[in-house]
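By convention in this document, chain letters (A, B, ...) are assigned in the order of the sequence lines, proteins followed by strands, and residues within each chain are numbered from 1. For the numbers below, each heavy atom of this structure counts, side chains included, while hydrogens, waters and symmetry mates do not.
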There are 2 protein chains.
Amino acid sequence: MTDQQAFFDLLDIMENEKLVEAKRFFALMRSTFCIANLLYADVDVLATGFAIHWLHHTFSACAARTYLDEGFRRIDPILRLTMGGIRPVDWATARQLHPESEPLFCAAAQLGLGIDGVTLPLPTPTRRLAFLAIHADVPAEQWPAYRRTHLRDFQLLANLFHASVLENDNRIELSEHGAKMLTHRETEVLGWTAAGKSYWEIGTILGISERTVRFFMTNARRKLNVVSNTQAVAQAVRRDLIPTF
Amino acid sequence: MTDQQAFFDLLDIMENEKLVEAKRFFALMRSTFCIANLLYADVDVLATGFAIHWLHHTFSACAARTYLDEGFRRIDPILRLTMGGIRPVDWATARQLHPESEPLFCAAAQLGLGIDGVTLPLPTPTRRLAFLAIHADVPAEQWPAYRRTHLRDFQLLANLFHASVLENDNRIELSEHGAKMLTHRETEVLGWTAAGKSYWEIGTILGISERTVRFFMTNARRKLNVVSNTQAVAQAVRRDLIPTF
DNA sequence: GACATAACTGTCGGTAGTGACAGGTTTCTA
DNA sequence: TAGAAACCTGTCACTACCGACAGTTATGTC
């Protein structure tokens, strides 16, 4: 089987080369398998609005724009299923499970995109979640057999590509580095917030203005590198930064 | 190829059955591939000393005792590499990279265990890390070809088994507290709120409406007898009602 | 004297959270 | 077969939060 040999060649590359560019990986995938399009995204699920760390795809600019403009992200059942588990997500299955997402699939059909594909969740232990979406280029009737044969190939290669991306991601973890100490007032205000007090109440308790309470909370949020008071309190309690009362 | 068919049968089982017991998975793996032993462990990397959540293996009691008694865990280079990345870890490679771990491999040889095997890291987004160690039962000279052929099978099947374990593990959390005050959904929503997510984002993550997220949070607030989400999270973290992430 | 840090205050506009209203389904147990 | 419990959804009115704008004063250290 020459098919087999192509896979093994690709496997050798993915296992032995330190860095494999997305463009190259995608090209190799498309030449090895019957793939129409690929999409790889690395998402920080801790950040607000799912901050995307890393994104590469081979879809047309038109298709990408439609997806974003129509707000399909909000109803995309594939995304939901991908975020919620670690099993491969079949697009057809996702479509069946969420009939409300028909507009998305109709739009995809109009753009000439097939509906046969699979998305592989690629979790990491650091609360980031990546996935590789694979859009097959085979007739619908051949899809089940194609999927069954190549899912294992996709899973392994996706994992190796994901490993390559992570290993070459030089981002510095700011959580430890930027963890400045909180001032007295910041600790105080955080403590009262954890006790369920509103800004106005805390201002009254401490004899300062509501605005100033907000100022301290904003500083605390920045120092803890979080986006909401709730998250700040969760961090502070876990790190034992505020006294229990 | 009957070999192929056996793999596909196993794949069908792993994809379609809700719960696959470790014992059965291991038996199926051993009958499908030339495998001597298997070990699956699910580890909480945040807990002190790597608390093991879930563990199953087919090694002999003697081998397991030797491993523990000799403190091999501390010098086990396979474990290190597994914890530190997401690529498959070859035992031979680990041995080469860490010559100081020779005692471990010598002991393994004395117990009649081969040294050809591979360990697959299986990360989750919740700071837990599992792995499946596969100890091959093929002559050393056949190992490279065997590995190349079946690594993809192992990767996919390991992922599916891991998914099965995770999906069936969520229900036994908090059992130590006896009176489980919060429901599963309430705990889940509280956890995401502590992570700084908005109602809309949580709804997207869990695949439910924003309104329903609000419903769960309202119930959680009432049960915890607090007035704000922030206070609820503070209480929940202090009482260890939500997992740390 | 320049600089850094902590404490403090005001306004505006937008988004997120909150309570109270009123429904629904599924699943399990008495 | 009734009822409880968990899960799920919608709308309205109101309040709280949050980022970005633009400041002041006091206390230190180099």
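Nearest nucleotide to the side chain of A:Phe215, out of C:dG17, D:dC8, C:dT9: C:dT9. Checking D:dC17, D:dC18, D:dA6 against the side-chain heavy atoms of A:Ser198 singles out D:dC17 as nearest.
For A:Glu210, the CD atom is densely surrounded, since the number of other residues' heavy atoms within 6.0 Å is greater than 12. Enclosure of atom CG in B:Asn225 is not indicated, since only 12 or fewer non-hydrogen atoms of other residues, nucleotides or ligands lie within 6.0 angstrom.
A ring-centre distance under 6.0 Å is not found for A:Phe25 and A:Tyr40.
As a whole-Å value, the separation of A:Arg214 CZ from C:dG13 C1' is 12 Å. Remark: P of C:dA16 and CE of B:Met217 are 15 Å apart, rounded to the nearest angstrom. One atom, CZ of B:Phe216, and another, P of C:dT18, lie 16 Å apart when rounded to the nearest Å. Summarising the geometry, the separation between OH on A:Tyr199 and P on D:dA16 is reported as 12 Å, rounded to the nearest angstrom. Rounding to whole angstrom units, CD of residue A:Gln231 and P of C:dG17 are separated by 12 Å. Distance, A:Leu182 CG to C:dA6 C1': 13 Å, rounded to whole Å. A straight line from CH2 of B:Trp200 to P of D:dT9 spans 15 Å, rounded to a whole angstrom. Spacing between atom CZ of A:Arg221 and atom P of D:dA20 amounts to 10 Å, rounded to whole angstrom units.
An OP1 or OP2 oxygen of D:dT9 is reached within less than 4.0 angstrom by a side-chain nitrogen or oxygen of B:Ser209. Considering only side-chain N and O atoms, B:Thr212 lies nowhere under 4.0 angstrom from the phosphate OP1 or OP2 of D:dC7. For A:Asn219 and C:dA6, the shortest distance from a side-chain N or O to OP1 or OP2 is not below 4.0 Å. In this model, the phosphate group of C:dA7 is approached by a side-chain N or O of A:Thr183 to a distance below 4.0 Å at OP1 or OP2.
Contact check for B:Leu157 versus B:Phe33: side-chain heavy atoms found under the 4.5 Å cut-off. Using a 4.5 Å heavy-atom cutoff, the side chains of B:Arg222 and B:Asn219 are in contact.
For a distance-only test at 3.5 Å, the side chain of A:Arg211 fails to qualify as a donor-acceptor partner of the base of D:dT24.
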